[in-house]
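Worksheet: the structure to be examined is printed underneath.
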Amino acid sequence: MSDDAYARARAAAERLRARTSFDAFDVALVMGSGWVPAADALGEPVTELPVTELPGFAPPAVEGHAGRVRVVELGGRRALVFLGRTHLYEGARGPEGAVPANPADPVVHGVRTALAAGVRTVVLTNAAGGLRPEHQRVGDPVLISDHLNLTGANPLTGPSFLDLTEAYSERLRALARNADPTLSEGVYAALRGPTYETPAEIRMLRTMGADVVGMSTALEAIAARQGGAEVLAVSLVTNIAAGLAEGTLDHEEVLAAGRASAARMGALLGTVLSKV
Ligand code: 6GU
């Protein structure tokens, strides 16, 4: 944790205030790959800008990770919607190409910016591999109940013994289940990537109690909890993980699953956000 990273987040929040007519925001959403179409279902943006116009954001590295931030008003809540995120595997450089003090800093910069802009509710979405094909199908949303942070990184450094007993808010999960009673819940295993897992690694993750696997979300959830925000996280199962189904994995499959589920995901998020 470098003080610089927090100063950059405050500067980015300040720029957001200057670029929009709002002096504070209530909710932040981070839309992962496959989720950008669902963001459109949240309604007309008040404003939208490339994140690179805000201090401290790395340019997007992957197709389908749009790297824009959108301001939306939803049932009286002012929402910051991040279209795309920075992943740990990008090894993203900070401003002026500097190596970040903590490799997690660029990954959580959006969440820290949102916290500095007043946000108290953080909604994280992602594309994930399904580890329970007997219960999950491609295109199913899974409410994240807990995580295994296997990234080897952490946004906190030093003796900051943050309690993570309820990393993912019981209250927000209940709201989401009310909005969609068919939602399943599961444990998200976060790995660094950028490779997908081997079949042996997938068997290991299942033994460890994981239900879905991906390359994001856990570090952002930790940063949000550090800032005292409540976290809701939803995975979209975009493929069945290696060795559990026929065939191989590719990024286009992940994006296509998102396009196919956009309306359902947008409705779910819209309902939850109008109640937080
Ligand atoms: Cl199978 N693994 C990981 N690590 N990330 C994913 C995925 C699998 N499917 C979508 N994202």
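One-based numbering, in listed order, for ligands and for the atoms of each. The model shown is predicted, which means the values in this text are computed figures rather than measured ones.
- Using a 4.0 Å cut-off between heavy atoms, Ala242 makes no contact with ligand 1 at all.
- Side chains of Tyr168 and Arg173: a donor-acceptor N/O pair is absent below 3.5 angstrom, by distance only.
- Residues Glu185 and Ser145 have side chains that never bring a donor and an acceptor to within less than 3.5 angstrom of each other.
- Ligand 1 lies out of reach of Gly193, whose nearest heavy atom is not under 4.0 Å from it.
- Using a 4.0 Å cut-off between charged side-chain N and carboxylate O, Asp163 and Arg225 make no salt bridge.
- Under the 30°/60° scheme for interplanar angles, the aromatic rings of His87 and Tyr89 are found to lie parallel.
- The closest approach between a heavy atom of Thr238 and any atom of ligand 1 is below 4.0 Å.
- Looking only at atom types and distance, the side chain of Thr217 has a donor-acceptor partner in the side chain of Asn126 under 3.5 Å away.
- When only interatomic distances are considered, the shortest N/O to N/O separation between Tyr196 and ligand 1 does not fall below 3.5 Å.
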Step by step, work out the salt bridge (Lys or Arg N to Asp or Glu O under 4.0 Å) result for Arg78 and Glu73.
CA-CA 5 Å; Arg78 294 153 299 183; Glu73 270 197 281; over 6 Å; no

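- Ligand 1 places these atoms under 4.0 Å from at least one heavy atom of Glu197: 1 (Cl), 2 (N), 3 (C), 4 (N), 8 (C).
- Close approach of ligand 1 to Met215 (heavy-atom distance below 4.0 Å) involves ligand atoms 3 (C), 4 (N), 5 (N).
- Between Gly129 and ligand 1, an N or O atom pair is found at a separation short of 3.5 Å.
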